[in-house]
Amino acid sequence: MLEVSIKHRFAGFGLDAQFCAPVGVTVLFGRSGSGKTTIINAVAGLLSPDQGRIAAGDWVLLDTTTGRNLRSHRRRIGYIFQEGRLFPHLSVRQNLAYGAWFAPKTAPREDMGRIVDLLGLGALLERRPGALSGGEKQRVAIGRALLSAPKLILADEPLAALDEARKAEILPYLERLRDEVHIPILYVSHAASEVARLATTVIAIEAGRVVAQGPAEQVLGDPTILPAGAREAGALITARVVRHHDDGLSELEANGIALFLPQLAHAPGTSLRLRIAAHDVILSRGRPEGLSALNIMPGIVQDIRAGEGPGALVAIDTAAGRVLARVTRRSAMTLGLAPGVGVHAIVKSVSVAPADVGWAARSAAS
Amino acid sequence: MTDWLGPAEWQAVVLSLRVSLWATLFSLPFGILVAYALARWSFPGKQIVNGLVHLPLILPPVVTGYLLLLAFGTRGPIGAILAEWGIVFAFRWSGAALAAAIMAFPLMVRAIRLSIEAVDPKLEQAAATLGASPAWVFVTVTLPMALPGIVAGTILAFAKAMGEFGATITFVSNIPGETRTIPSAIYAFLQVPGGEGAAMRLVIVAVGVAMAALVLSELFARRVAARVGGH
């Protein structure tokens with residue numbers, strides 16, 4: 001468990017954040033410039049906040065009341081930077097071994113061969129970073145951080161510099177990391193799909209302040225918390241793969257509700273987490289007939305939050321879980337939506353993006 | 001080859017190589033330190049240090065030589081203390097090396113400083129997060145990445161040391177076998193009738209050494225740059 005409490009003033013910007021990051025992936029979620037990177041740089045020791053305390057259990061990294069402020073190289077962190085920051089003059093193998101060399105000899109350390117397999121780096125070991133693709137560089141950067149025997153992993157938008165194909169290549173590795181490495185991972189992101197795929201805990205940051213923290217399903221399902229804006233809103237649903245149909249659809253089941261998605265690669269029985277984007281959800285008072293959409297989830301409206309524009313965000317509790325729907329205020333009025341009203345949330349199968357489907361975190365699945 | 005050069009000329013060539021080699025090797029650690037300090041640290045008096053380092057580049061060499069004589073002469077403030085330890089610079093080959101080192105120092109520092117400034121501090125931060133102390137960051141990241149500039153600066157300094165004349169002759173005079181380096185020897189040969197042949201041979205040696213140094217530095221820098229560049 002990592003506990004962070006920091007206050008820092010810049011010219012024209014104040015940071016005041018307190019949160020806890022348990023084992024698993026804790027995503028600092030917010031817009032660019034909200035102070036996310038400042039927070040993890042403070043955890044890394046690359047920035048000294050005016051006031052604060054940062055500790056992982058009894059391992060105190062910073063405490064301004066006692067004057068303790070460990071230098072970066074004594075903090076035992078593995079930092080995955082947005083731009084990789086591999087050492088260009090060293091081979092991939094030497095980059096990977098760099099941190100292990102400085103780690104205390106008694107520190108529990110990852111096996112190089114295991115990490116190389118986990119990240120698929122076997123063929124790259126003798127190359128230099130200059131000869132790697134962007135995705136390969138990021139995988140090496142992840143491996144380098146893991147192999148430094150860290151007590152804590154920090155990741156600052158490690159996928160932001162990559163295109164969609166490279167992101168899709170790395171996300172499964174990060175999911176495996178979340179489920180196989182038993183230390184806190186603090187992950188900065190402004191992309192809702194990354195949060196949906198990776199987060200066990202979400203810390204929503206707005207203008208240097210924590211506006212919500214908790215399990216990913218809870219924070220992303222709250223219509224009043226929109227750290228990335230209403231366009232990025234979308235709730236998480238956990239569902240199990242039932243079977244793959246011949247017509248190219250996969251059938252899933254979420255607490256008794258059948259969901260159909262375009263063919264997934266996951267085996268039947270796998271527990272998955274889906275992000276249902278709020279703008280992809282249609283609402284209907286009665287059970288719709290003669291509709292092409294395959295996924296219909298009956299539920300009860302819990303909350304309606306009017307946006308600044310013509311839109312409103314509706315939170316519906318269904319048997320499958322919390323769903324957010326983004327509709328116009330006019331529709332909400334015409335339908336007579338209000339807390340307690342029964343509705344059907346409708347989602348087109350093809351609108352669930354593959355990037356929004358990932359393995360459910362083990363802790364969430366169990 | 002000894003046949004081609006007379007004994008006096010040969011002596012000047014060997015002495016020049018020795019003086020320049022020592023001048024370069026001894027000033028290299030200081031050069032790296034000063035370059036690093038100027039590139040990465042901010043401290044009071046930084047501009048004064050920068051000015052002092054560059055002074056020999058702008059001052060007339062004779063003035064630098066005379067200042068060295070005042071400071072390091074046997075009765076000079078530093079020379080007197082060093083003399084008690086048995087270290088004498090005035091009118092010795094070691095003095096020639098000192099003069100050459102000081103005259104070449106600005107060129108060395110300039111090249112190394114530029115290459116250190118080109119090393120991305122973000123890489124040094126990354127090394128620190130991986131557990132490397134500042135000293136290890138310097139040895140494992142900054143130094144190897146700045147190597148092309150360090151090599152270029154070293155070779156440039158060596159070539160400058162080979163050609164140093166004004167400060168050397170003022171500080172340690174022109175003593176055959178002790179302080180008569182190639183430039184001093186050429187000057188001496190040109191002062192006596194019939195010395196033009198010997199002077200011309202030394203000129204050829206000087207041009208040859210300078211060219212070799214440039215080609216070598218270019219080759220080595222390219223090799224290191226390719227290594228650092230990762231291709």
Side-chain angles (χ1 to χ4, degrees), chain A residues 40-41 43-47 61 70-92 94-105 107 109 124 126-132 137 140-141 143-156, chain B residues 28 32 35-37 39-43 111-155 217-231:
Chain A
I40 66 166
N41 279 343
V43 176
L46 300 177
L47 174 136
L61 305 177
L70 285 186
R71 311 258 324 248
S72 274
H73 68 281
R74 296 194 193 282
R75 293 199 174 194
R76 307 278 317 280
I77 46 169
Y79 197 148
I80 305 161
F81 296 92
Q82 186 174 334
E83 346 74 305
R85 301 197 193 178
L86 299 181
F87 303 124
H89 59 297
L90 302 179
S91 69
V92 167
Q94 290 166 325
N95 266 283
L96 289 173
Y98 190 89
W101 203 66
F102 294 107
K105 300 294 164 257
R109 51 185 70 218
L124 311 176
E126 306 312 321
R127 292 207 217 155
R128 286 184 189 282
L132 301 181
K137 278 183 192 160
V140 176
R144 184 179 69 172
L146 283 179
L147 285 165
S148 64
K151 291 187 170 184
L152 178 68
I153 289 179
L154 306 176
D156 183 11
Chain B
L28 185 58
I32 293 174
Y36 187 82
R40 285 290 151 84
W41 296 340
S42 53
F43 51 91
I112 298 176
R113 176 182 176 173
L114 285 175
S115 67
I116 288 178
E117 279 172 348
V119 175
D120 189 349
K122 288 178 168 181
L123 289 176
E124 296 170 330
Q125 282 186 347
T129 66
L130 288 162
S133 64
W136 276 116
V137 172
F138 179 73
V139 171
T140 59
V141 177
T142 320
L143 210 52
M145 292 203 63
L147 202 56
I150 294 173
V151 170
T154 306
I155 292 175
S217 86
E218 190 66 23
L219 272 180
F220 196 81
R222 251 186 234 173
R223 209 164 176 177
V224 174
R227 218 179 111 82
V228 172
H231 301 297

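Bear in mind that the values here come from a model prediction, so they are computed numbers and not experimental data. Side-chain atoms are counted along with the backbone in the values below, which use heavy atoms only and exclude waters and symmetry mates. Proteins get letters first, then strands, A, B, ... in listed order; numbering begins at 1 in each.
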_Check the orientation of B:W41 and B:F43. Use parallel for under 30°, tilted for 30 to 60°, and perpendicular for over 60°._
perpendicular

### Query
Under 3.5 Å, side chain of A:R76 to main-chain N/O of A:A149, donor-acceptor pair present?
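Flag set: sc A:R76 to bb A:A149 pair under 3.5 Å.
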
#### Entry: Check: A:N41 side chain, A:L46 main-chain N or O, donor-acceptor pair, under 3.5 Å
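Answer holds: no.
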
Identify which part of [X] has an atom lying under 4.5 Å from any heavy atom of chain B, answering side chain, backbone, both or neither.
X	result
A:S72	both
A:R144	both
A:R74	neither
A:L86	backbone

**Prompt:** Is the closest side-chain donor-acceptor distance between B:T140 and A:Y98 under 3.5 Å?
**Reply:**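 Judged by distance alone, the side chains do pair up.
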
